[in-house]
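Input: a single structure, listed below in structure tokens.
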Amino acid sequence: MEERTIHWAWLQHGEWRFLVAAVSEGLCYIGSQDGNLEEVERWAVKRMPGSRLEEDREALAPYVAELIEYLDGNRTAFDRPIALGGTVFQREVWQALQRIPCGETVTYSDIASAIGRPDAVRAVAAAIGANPVLIHIPCHRVIGKNGKLTGFRGGLDMKRRLLELESEPAASVK
């Protein structure tokens with residue numbers, strides 16, 4: 001079996017700094033604010049065993065460019081492909097997350113209902129927590145039933161900042 005390469009690069013833009021990774025099929029990982037390479041290494045061992053990590057800014061440039069447009073308030077959706085593993089249930093949840101409009105929030109119960117499993121709120125929360133592609137798959141738009149910010153792999157500060165960014169009007173949005 002051929003060894004799979006995960007290309008990675010740092011996105012450093014203003015106060016934002018996180019790791020971005022992709023395989024040949026598309027974006028596969030976005031790290032947490034001020035995370036480190038060990039974060040993606042742990043993820044790769046668990047989700048893509050036998051792969052190797054290789055720094056490659058050129059390969060990640062199109063993904064980084066889209067993310068910078070988003071961080072600048074000039075993009076609300078992403079066009080670049082993503083490569084997701086996960087279970088059928090996780091992918092179903094992640095697809096539901098991608099349908100949440102930019103600037104809006106929903107609850108875990110809303111996502112459970114959206115996928116036709118209203119009693120699976122805890123399983124939905126676990127699938128959201130396993131989302132490998134922060135921002136691109138907007139799990140930061142999911143909040144607690146009481147309206148409070150709840151768990152986020154990138155940390156609650158990153159979640160708050162992303163929601164604030166999305167609530168600001170943009171000059172030209174794609």
Side-chain angles (χ1 to χ4, degrees), residues 1-11 16-68 70-71 75-100 102 106-117 119-143 150-156 158-159 162:
M1 183 162 103
E2 188 177 322
E3 183 179 63
R4 186 168 207 182
T5 301
I6 302 171
H7 300 282
W8 66 272
W10 287 106
L11 181 149
W16 293 98
R17 180 181 186 271
F18 48 86
L19 192 134
V20 180
V23 291
S24 59
E25 299 86 3
L27 187 66
C28 63
Y29 188 84
I30 294 179
S32 58
Q33 174 72 11
D34 297 322
N36 56 46
L37 187 56
E38 290 174 3
E39 182 183 343
V40 76
E41 288 171 341
R42 284 190 305 272
W43 171 83
V45 165
K46 193 174 186 181
R47 300 291 177 209
M48 292 188 175
S51 60
R52 70 180 179 83
L53 291 166
E54 180 178 291
E55 186 173 11
D56 189 339
R57 289 185 208 147
E58 188 176 323
L60 274 292
Y63 300 102
V64 168
E66 274 195 350
L67 286 161
I68 288 173
Y70 166 83
L71 295 171
R75 174 178 287 277
T76 59
F78 298 97
D79 301 323
R80 304 295 310 166
I82 54 177
L84 294 175
T87 66
V88 171
F89 181 78
Q90 286 173 328
R91 289 193 306 270
E92 192 175 356
V93 170
W94 298 338
Q95 287 169 356
L97 295 175
Q98 291 177 293
R99 292 189 293 270
I100 305 168
C102 185
V106 300
T107 66
Y108 294 91
S109 298
D110 293 333
I111 296 297
S113 293
I115 65 167
R117 300 211 176 156
D119 296 329
V121 177
R122 286 180 188 240
V124 163
I128 290 171
N131 171 19
V133 188
L134 301 180
I135 303 172
H136 207 294
I137 297 176
C139 55
H140 60 278
R141 297 179 189 155
V142 181
I143 59 173
T150 57
F152 183 65
R153 179 171 55 83
L156 291 183
M158 182 179 184
K159 183 171 189 165
L162 291 169

Heavy-atom closest pair, residues [X] and [Y]:
X    : Y    : result
P132 : C28  : CB-O, 3.5 Å
V133 : Y29  : CG2-N, 4.0 Å
W94  : I137 : O-CG2, 3.7 Å
L134 : C139 : CD2-SG, 3.7 Å
T5   : E54  : CG2-CB, 3.9 Å
A127 : F89  : CB-CE2, 4.1 Å

R80 to Y63 six-membered ring, cation-pi geometry met (6.0 Å, 45°)
yes
Got a second to check how far [X]'s [atom1] is from [Y]'s [atom2], nearest 0.5 Å?
X    : Y    : atom1 : atom2 : answer
L19  : L37  : CG    : CG    : 6.0 Å
Q98  : N131 : CD    : CG    : 8.5 Å
M158 : W16  : CE    : CH2   : 5.5 Å
E92  : I115 : CD    : CD1   : 4.5 Å
L97  : Q95  : CG    : CD    : 10.0 Å

Should [X] and [Y] count as side-chain neighbours, where that means a heavy-atom distance under 4.5 Å?
X    : Y    : value
T76  : Y70  : no
E41  : V45  : no
I143 : Y108 : no
L162 : I135 : yes
V23  : M48  : yes
I6   : R52  : no
V20  : W8   : no
L11  : I30  : no

Examine distances only and state if a side-chain atom of Q33 and a backbone atom of G154 form a donor-acceptor pair shorter than 3.5 Å.
no
R153 and E39 ion-paired at < 4.0 Å
yes
Between the side chains of R4 and E25, is the shortest nitrogen-to-carboxylate-oxygen separation below 4.0 Å, so that they form an ion pair?
yes
Parallel, tilted or perpendicular: rings of F152 and H140 (30°, 60°):
perpendicular
Please determine whether side chain to side chain contact (heavy atoms under 4.5 Å, CB included) holds for the pair K159 and R141, giving the CA-CA distance in whole Å, both sets of side-chain angles, and the decisive distance to 0.1 Å.
CA-CA 8 Å; K159 183 171 189 165; R141 297 179 189 155; over 6 Å; no
Under 3.5 Å, is there a donor on one side chain and an acceptor on the other for S113 and D110?
no
R75 and D79: side chain to side chain contact (heavy atoms under 4.5 Å, CB included), yes or no, with the steps?
CA-CA 10 Å; R75 174 178 287 277; D79 301 323; 3.2 Å; yes
Hey, mind stepping through H136 and I82 against side chain to side chain contact (heavy atoms under 4.5 Å, CB included) and telling me if it holds?
CA-CA 9 Å; H136 207 294; I82 54 177; 3.4 Å; yes
List the steps, then state whether side chain to side chain contact (heavy atoms under 4.5 Å, CB included) holds for V142 with T107.
CA-CA 5 Å; V142 181; T107 66; 5.8 Å; no
